[in-house]
Protein chains: 2
Amino acid sequence: MVILTPVSDATFDRSRCSVAGTLAVVGEKWSLLVLREAFLGVRRFADLQQALGAPKAVLTDRLATLVREGVLSREPYRAEGERQRHEYRLTDKGRDLYPTLVALMAWGDRYLTDGPPPLALEHRDCGAAVRVALVCDDGHEIGGPREVRARAAGAGAAPA
Amino acid sequence: MVILTPVSDATFDRSRCSVAGTLAVVGEKWSLLVLREAFLGVRRFADLQQALGAPKAVLTDRLATLVREGVLSREPYRAEGERQRHEYRLTDKGRDLYPTLVALMAWGDRYLTDGPPPLALEHRDCGAAVRVALVCDDGHEIGGPREVRARAAGAGAAPA
DNA sequence: CATGCTGGGTTCGCTTGCCGAACCGCGCGC
DNA sequence: GCGCGCGGTTCGGCAAGCGAACCCAGCATG
């Protein structure tokens, strides 16, 4: 007897869910905040540490993970009369996490902050405010989850 | 003397950053996965527990947090000849986290999965695939972080 | 009535992770 | 050579996550 959730859409293989997978990469504490700093242009260990206030050991670990996962790259540089150091910069893979960060920020701006948002994003070309939108490939803008249907990949019969 | 990072855009007050704030609400382990299930229509404790495989105690705690934060509501119900139970359902505040989940999922679909995504989202009206996009209020679609400028709230030309 | 079953938790040890502070090592300027 | 500062690593303590065991209400069964 299989007592699964009675919800039709909910019968898919959680173990390979993309949300879980992404969280396995960037879901640990500090990871997404490191990326926020990266998007703000912070690249050096000391600057990250000061901006975040995270323990050095944790920061070291998070950076190593993000580099290993290909979200950041660790590249040598040397400043005027100093020894060689490394800096951490976003890869294309990392840059593609931008919408996720913006979505998190937008929610916080709306529900956690009163008054103007602490950080405003504007389109470099036209100066207008930037926001995240759900759209479908036919060009419709989507208001919320109710307008969306989820379909599992093995949409025939896949017992878990 | 304030020694902040030399990076121009990076000088804003991290302590009230909306990304950090949002993560304080949904950034703990399992929280976003609970919400994923919620968006799939899973509402009952036992169903959540089975779907996620999280320890009961943690799940209890996450649900309580999400209810306290107003992301979920805890509502009594009673099924045919059973005693009264509670179910957890998304509030509007919770529903507004949908783009965040979709963004996380999209990234995982792209970089973590080969082949078709485990879960496909389609527009209920037209059947076309759903994706998350960055747009500006003038209607331009934005390709990535390079096209965006961040401005701190306290900075010079900030209209209230 | 006593008994058992089931859903929704709570409690209990154990392990893992996070934390701040201390320590270390390399390369540079002196 | 000496000291210094960046970029870590190490260390002890605390908090969170973990699976398993336990608990309690209420319905069903005998």
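FYI, side chains are in, hydrogens and waters are out, and symmetry mates aren't considered; it's all heavy atoms of this structure.
Remark: B:Arg74 in residues 62-75 of chain B come within less than 4.0 Å of DNA chain C through at least one heavy atom.
The pair B:Asp96-B:Lys93 does not count as a salt bridge, with every side-chain nitrogen at least 4.0 angstrom from each carboxylate oxygen. Using a cutoff of 4.0 Å between basic side-chain nitrogens and carboxylate oxygens, B:Arg131 and B:Glu141 are scored as salt-bridged.
Residue B:Lys29 places at least one side-chain N or O under 4.0 Å from the OP1 or OP2 atom of D:dC18. At the phosphate of D:dG26, neither OP1 nor OP2 sits under 4.0 Å from any side-chain N or O atom of B:Arg85. For the OP1/OP2 pair of C:dG17 and a distance below 4.0 Å, the side-chain nitrogens and oxygens of A:Trp30 include no atom meeting the criterion. Of the side-chain N and O atoms in A:Tyr88, none sit less than 4.0 angstrom from OP1 or OP2 of D:dG7.
Atom CZ in B:Phe45 sits about 10 Å away from atom C1' in C:dT10, given to the nearest Å. A straight line from NE2 of A:His86 to P of C:dG27 spans 11 Å, rounded to a whole angstrom. Between A:Leu48 atom CG and D:dG8 atom P the separation is 11 Å, expressed in whole Å. The distance between atom CD of B:Gln49 and atom P of C:dT6, rounded to the nearest whole Å, is 15 Å. Straight-line distance from the NZ atom of B:Lys56 to the P atom of D:dC22: 13 Å, rounded to whole Å. The separation between A:Gln50 atom CD and D:dG5 atom C1' is 15 Å, rounded to whole Å. Distance CD (B:Glu28) to C1' (D:dA16): 9 Å, rounded to an integer number of Å. When the C1' atom of C:dG9 is taken as reference, atom CG of B:Asp61 falls 13 Å away, rounded to whole Å.
By the 4.5 Å heavy-atom criterion applied to side chains, B:Arg85 and B:Arg44 are not counted as neighbours. Put simply, the side chain of A:Leu121 reaches to within 4.5 Å of the side chain of A:Met105, judged on heavy atoms.
No side-chain N or O of A:Arg43 forms a donor-acceptor pair with one of A:Tyr88 less than 3.5 Å apart. Residues A:Thr65 and A:Arg62 have side chains that never bring a donor and an acceptor to within less than 3.5 angstrom of each other.
A donor N or O paired with an acceptor N or O is not found under 3.5 Å between the base of D:dC6 and the side-chain atoms of A:Arg44.
Heavy atoms of B:Ala57 sit under 4.0 angstrom from at least one base atom.
In this structure, A:Arg83 and A:Thr60 both approach DNA chain D, and ranking their closest nucleotides by distance from the 5' end singles out A:Arg83.
Here CH2 of A:Trp30 is found 13.5 Å from CG of A:Leu35. Values are rounded to the nearest 0.5 Å.
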